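Structure first, commentary second.
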Amino acid sequence: MSLPGEPAEPAGEDAIRDALRACGGRLAEGGCELPPDDVLLCLALRTDTAWRLDVAAIVLDALRDRVALPATVADAIRTALHEAIVNAVTHGNLGIPSTLRGSPDGLARFHALVDVRLARPDLLRRRVLVAAWQDRPGSLRIEVSDEGDGFTPAGPLGTPPPLDQPFGRGLGLIRALTAECIWLQARRTLAMRFRLDDGAT
Amino acid sequence: VIELNALEYIDSAGLGMLLLAREAAQRHGRGITLAGARDQVARVLAVSKFDQLFLLRS
(Lines give C-alpha, C1' and ligand atoms only; values in the text may rest on other atoms or scores of the structure.)
Protein backbone atom coordinates (compact mmCIF):
# COMPACT_ATOMS: atom_id res chain seq x y z
CA MET A 1 0.00 0.00 0.00
CA SER A 2 1.40 3.39 -0.95
CA LEU A 3 1.38 6.51 1.20
CA PRO A 4 -0.42 9.68 0.07
CA GLY A 5 1.69 11.37 -2.57
CA GLU A 6 3.73 8.24 -3.18
CA PRO A 7 3.43 6.37 -6.47
CA ALA A 8 1.14 3.34 -6.36
CA GLU A 9 2.63 -0.11 -6.78
CA PRO A 10 3.77 -0.55 -10.38
CA ALA A 11 1.78 -2.88 -12.62
CA GLY A 12 3.18 -6.34 -13.27
CA GLU A 13 3.50 -7.96 -16.67
CA ASP A 14 0.80 -10.56 -15.99
CA ALA A 15 -1.73 -7.89 -14.98
CA ILE A 16 -0.96 -5.90 -18.12
CA ARG A 17 -1.27 -8.96 -20.37
CA ASP A 18 -4.58 -9.94 -18.71
CA ALA A 19 -5.99 -6.42 -19.13
CA LEU A 20 -5.01 -6.23 -22.80
CA ARG A 21 -6.46 -9.70 -23.48
CA ALA A 22 -9.78 -8.72 -21.94
CA CYS A 23 -12.61 -7.41 -24.08
CA GLY A 24 -11.84 -3.73 -23.55
CA GLY A 25 -8.11 -4.18 -24.28
CA ARG A 26 -7.00 -1.37 -22.00
CA LEU A 27 -5.11 -0.63 -18.83
CA ALA A 28 -4.31 2.62 -17.06
CA GLU A 29 -1.69 2.08 -14.40
CA GLY A 30 -2.25 3.73 -11.01
CA GLY A 31 -1.99 7.48 -11.22
CA CYS A 32 -2.43 7.53 -15.00
CA GLU A 33 -5.38 9.07 -16.77
CA LEU A 34 -7.77 6.83 -18.65
CA PRO A 35 -6.97 6.50 -22.33
CA PRO A 36 -9.45 7.28 -25.15
CA ASP A 37 -12.40 4.97 -25.82
CA ASP A 38 -12.30 4.16 -29.51
CA VAL A 39 -9.16 2.06 -29.51
CA LEU A 40 -8.27 -1.51 -30.36
CA LEU A 41 -5.84 -1.52 -27.45
CA CYS A 42 -4.67 1.15 -25.06
CA LEU A 43 -2.05 1.13 -22.35
CA ALA A 44 -1.06 3.99 -20.06
CA LEU A 45 2.02 3.13 -18.02
CA ARG A 46 4.27 4.92 -15.60
CA THR A 47 7.71 5.67 -16.94
CA ASP A 48 9.45 3.13 -14.71
CA THR A 49 7.08 0.37 -15.79
CA ALA A 50 7.54 1.24 -19.47
CA TRP A 51 11.32 1.02 -18.97
CA ARG A 52 11.25 -2.19 -16.89
CA LEU A 53 9.04 -4.32 -19.12
CA ASP A 54 9.25 -5.32 -22.77
CA VAL A 55 6.07 -3.39 -23.50
CA ALA A 56 6.41 -3.73 -27.27
CA ALA A 57 6.37 -7.53 -27.01
CA ILE A 58 3.39 -7.43 -24.64
CA VAL A 59 1.41 -5.13 -26.94
CA LEU A 60 2.33 -7.19 -30.00
CA ASP A 61 1.03 -10.37 -28.36
CA ALA A 62 -2.24 -8.61 -27.54
CA LEU A 63 -2.53 -7.27 -31.10
CA ARG A 64 -2.00 -10.78 -32.48
CA ASP A 65 -5.05 -11.91 -30.50
CA ARG A 66 -7.12 -9.39 -32.46
CA VAL A 67 -5.47 -8.94 -35.86
CA ALA A 68 -3.81 -11.41 -38.24
CA LEU A 69 -0.22 -10.24 -38.59
CA PRO A 70 2.28 -11.76 -41.04
CA ALA A 71 5.66 -12.45 -39.43
CA THR A 72 7.46 -9.59 -41.16
CA VAL A 73 4.74 -7.12 -40.16
CA ALA A 74 4.83 -8.38 -36.57
CA ASP A 75 8.62 -7.92 -36.52
CA ALA A 76 8.28 -4.40 -37.87
CA ILE A 77 5.63 -3.47 -35.29
CA ARG A 78 7.63 -4.87 -32.38
CA THR A 79 10.84 -3.17 -33.49
CA ALA A 80 9.32 0.23 -34.26
CA LEU A 81 7.10 0.20 -31.17
CA HIS A 82 10.08 -0.69 -28.97
CA GLU A 83 12.08 2.20 -30.42
CA ALA A 84 9.18 4.60 -29.92
CA ILE A 85 8.68 3.54 -26.29
CA VAL A 86 12.40 3.77 -25.48
CA ASN A 87 12.46 7.26 -27.02
CA ALA A 88 9.35 8.28 -25.04
CA VAL A 89 10.92 7.06 -21.79
CA THR A 90 14.50 8.21 -22.17
CA HIS A 91 14.38 11.32 -24.37
CA GLY A 92 10.79 12.31 -23.56
CA ASN A 93 9.89 11.65 -19.93
CA LEU A 94 13.43 11.43 -18.54
CA GLY A 95 14.90 14.17 -20.77
CA ILE A 96 18.15 12.36 -21.55
CA PRO A 97 19.81 13.13 -24.90
CA SER A 98 20.74 10.27 -27.22
CA THR A 99 24.17 11.81 -27.91
CA LEU A 100 25.46 10.21 -24.70
CA ARG A 101 25.29 6.90 -26.52
CA GLY A 102 28.06 7.95 -28.87
CA SER A 103 30.88 6.25 -26.94
CA PRO A 104 31.32 3.29 -24.56
CA ASP A 105 31.84 5.66 -21.62
CA GLY A 106 28.85 7.73 -22.68
CA LEU A 107 26.73 4.61 -22.89
CA ALA A 108 27.57 3.81 -19.26
CA ARG A 109 26.69 7.41 -18.27
CA PHE A 110 23.44 7.15 -20.21
CA HIS A 111 22.30 4.09 -18.24
CA ALA A 112 23.48 5.58 -14.94
CA LEU A 113 21.44 8.72 -15.70
CA VAL A 114 18.37 6.61 -16.49
CA ASP A 115 18.66 5.01 -13.03
CA VAL A 116 19.11 8.41 -11.34
CA ARG A 117 16.11 9.96 -13.07
CA LEU A 118 13.89 6.93 -12.52
CA ALA A 119 14.50 7.43 -8.80
CA ARG A 120 12.70 10.80 -9.00
CA PRO A 121 8.98 10.36 -8.20
CA ASP A 122 8.00 13.33 -10.39
CA LEU A 123 9.62 11.70 -13.42
CA LEU A 124 8.64 8.09 -12.85
CA ARG A 125 4.98 9.17 -12.52
CA ARG A 126 5.01 10.61 -16.03
CA ARG A 127 3.14 8.24 -18.26
CA VAL A 128 3.82 6.59 -21.56
CA LEU A 129 0.67 5.98 -23.57
CA VAL A 130 0.49 3.31 -26.25
CA ALA A 131 -2.70 3.08 -28.29
CA ALA A 132 -3.63 1.10 -31.40
CA TRP A 133 -6.45 1.56 -33.87
CA GLN A 134 -7.55 -0.43 -36.89
CA ASP A 135 -9.14 2.63 -38.47
CA ARG A 136 -8.51 1.80 -42.13
CA PRO A 137 -8.78 -1.52 -43.94
CA GLY A 138 -5.41 -3.19 -44.33
CA SER A 139 -3.50 -1.04 -41.88
CA LEU A 140 -2.92 -0.46 -38.22
CA ARG A 141 -2.25 2.87 -36.51
CA ILE A 142 -0.19 2.85 -33.34
CA GLU A 143 0.60 5.96 -31.31
CA VAL A 144 3.13 6.41 -28.52
CA SER A 145 2.89 9.53 -26.36
CA ASP A 146 5.01 10.86 -23.53
CA GLU A 147 4.73 13.65 -20.97
CA GLY A 148 8.22 15.04 -21.24
CA ASP A 149 9.14 18.66 -21.80
CA GLY A 150 12.71 18.72 -22.93
CA PHE A 151 13.63 17.00 -26.11
CA THR A 152 11.86 16.93 -29.45
CA PRO A 153 13.06 15.25 -32.62
CA ALA A 154 15.58 17.48 -34.33
CA GLY A 155 14.86 18.22 -37.97
CA PRO A 156 12.42 16.50 -40.28
CA LEU A 157 11.19 13.21 -38.88
CA GLY A 158 13.03 10.25 -40.24
CA THR A 159 15.99 12.17 -41.59
CA PRO A 160 18.59 9.46 -41.23
CA PRO A 161 21.73 10.09 -39.20
CA PRO A 162 25.07 9.41 -40.84
CA LEU A 163 25.20 5.70 -41.63
CA ASP A 164 27.91 5.00 -39.05
CA GLN A 165 26.58 7.20 -36.21
CA PRO A 166 26.15 4.97 -33.13
CA PHE A 167 23.35 7.03 -31.52
CA GLY A 168 20.07 8.61 -32.61
CA ARG A 169 19.18 5.73 -34.92
CA GLY A 170 15.77 4.93 -33.40
CA LEU A 171 13.65 7.34 -35.43
CA GLY A 172 15.36 6.36 -38.66
CA LEU A 173 14.63 2.73 -37.89
CA ILE A 174 10.99 3.55 -37.17
CA ARG A 175 10.74 5.48 -40.43
CA ALA A 176 12.15 2.53 -42.35
CA LEU A 177 9.75 0.05 -40.77
CA THR A 178 6.49 2.01 -41.05
CA ALA A 179 4.26 2.99 -43.95
CA GLU A 180 3.83 6.41 -42.34
CA CYS A 181 5.32 8.09 -39.31
CA ILE A 182 4.48 11.54 -37.94
CA TRP A 183 5.57 13.41 -34.81
CA LEU A 184 2.69 15.44 -33.35
CA GLN A 185 4.41 17.97 -31.11
CA ALA A 186 1.23 19.38 -29.53
CA ARG A 187 0.34 15.95 -28.14
CA ARG A 188 3.94 14.75 -27.81
CA THR A 189 2.87 11.78 -29.85
CA LEU A 190 4.56 9.64 -32.45
CA ALA A 191 1.88 8.32 -34.83
CA MET A 192 2.93 5.27 -36.83
CA ARG A 193 0.99 3.40 -39.50
CA PHE A 194 1.73 -0.18 -40.52
CA ARG A 195 0.32 -1.87 -43.60
CA LEU A 196 -0.84 -5.37 -42.73
CA ASP A 197 0.05 -7.11 -45.99
CA ASP A 198 3.29 -9.03 -46.07
CA GLY A 199 6.23 -6.99 -47.29
CA ALA A 200 4.40 -3.77 -46.50
CA THR A 201 7.27 -2.27 -44.67
CA VAL B 1 33.80 -12.00 -36.62
CA ILE B 2 30.69 -11.46 -34.53
CA GLU B 3 28.42 -14.49 -34.69
CA LEU B 4 24.77 -13.43 -34.63
CA ASN B 5 23.12 -16.78 -35.22
CA ALA B 6 21.80 -17.05 -31.65
CA LEU B 7 20.58 -13.45 -31.59
CA GLU B 8 16.79 -13.28 -31.91
CA TYR B 9 16.25 -9.53 -31.62
CA ILE B 10 18.19 -6.30 -32.07
CA ASP B 11 17.23 -2.66 -31.56
CA SER B 12 18.90 0.67 -32.28
CA ALA B 13 20.93 0.40 -29.06
CA GLY B 14 22.31 -2.92 -30.29
CA LEU B 15 23.10 -1.38 -33.66
CA GLY B 16 24.92 1.40 -31.84
CA MET B 17 27.04 -1.10 -29.94
CA LEU B 18 28.01 -2.83 -33.18
CA LEU B 19 29.03 0.56 -34.57
CA LEU B 20 31.12 1.32 -31.47
CA ALA B 21 32.84 -2.05 -31.92
CA ARG B 22 33.46 -1.15 -35.57
CA GLU B 23 35.05 2.17 -34.53
CA ALA B 24 37.32 0.36 -32.06
CA ALA B 25 38.33 -2.21 -34.70
CA GLN B 26 39.06 0.54 -37.22
CA ARG B 27 41.42 2.22 -34.74
CA HIS B 28 43.47 -0.98 -34.96
CA GLY B 29 43.20 -1.18 -38.73
CA ARG B 30 40.68 -4.01 -38.62
CA GLY B 31 37.17 -4.58 -39.89
CA ILE B 32 34.29 -6.59 -38.47
CA THR B 33 32.30 -9.36 -40.10
CA LEU B 34 28.73 -9.97 -38.95
CA ALA B 35 27.83 -13.61 -39.49
CA GLY B 36 24.65 -15.64 -39.35
CA ALA B 37 22.05 -12.90 -38.85
CA ARG B 38 18.52 -14.21 -39.33
CA ASP B 39 14.88 -13.10 -39.20
CA GLN B 40 14.34 -9.80 -37.36
CA VAL B 41 18.08 -9.24 -36.93
CA ALA B 42 18.76 -9.69 -40.65
CA ARG B 43 15.87 -7.38 -41.54
CA VAL B 44 17.03 -4.63 -39.17
CA LEU B 45 20.61 -4.86 -40.45
CA ALA B 46 19.26 -4.60 -43.99
CA VAL B 47 17.07 -1.53 -43.45
CA SER B 48 19.97 0.07 -41.54
CA LYS B 49 22.21 -0.51 -44.58
CA PHE B 50 24.84 -2.24 -42.47
CA ASP B 51 26.05 -4.02 -45.60
CA GLN B 52 27.78 -0.70 -46.41
CA LEU B 53 29.65 -0.72 -43.08
CA PHE B 54 30.34 -4.36 -42.27
CA LEU B 55 31.08 -7.55 -44.10
CA LEU B 56 27.88 -9.57 -43.80
CA ARG B 57 28.12 -13.34 -44.01
CA SER B 58 25.20 -15.75 -43.94
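We name chains A, B, ... by the order of the sequence lines, and we start the count at 1 in each one. The shown structure was predicted, so the numbers you read here are calculated from the model rather than taken from an experiment.
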Original post:
What orientation do A/H111 and A/W51 show, parallel under 30°, tilted 30 to 60°, or perpendicular over 60°?
Top reply: tilted
Original post:
Given the options A/G102, A/P166, A/S98, which has more heavy-atom pairs under 4.5 Å with chain B than any of the others?
Top reply: A/P166
Original post:
Does some side-chain heavy atom of B/L55 sit less than 4.5 Å from a side-chain heavy atom of B/I32?
Top reply: no
**OP:** Would you mind reporting whether A/L140 and A/L40 have side-chain heavy atoms less than 4.5 Å apart?
**Re:** yes
Original post:
About how many Å separate CD of A/E13 and CD1 of A/I58, when rounded to the nearest 0.5 Å?
Top reply: 4.0 Å
Subject >> chain B contact via A/L173 - which portion, at a heavy-atom distance below 4.5 Å >> reply: side chain
Subject >> Top contributor to chain B contacts, counting heavy-atom pairs under 4.5 Å, from A/D75, A/L107, A/V86 >> reply: A/D75
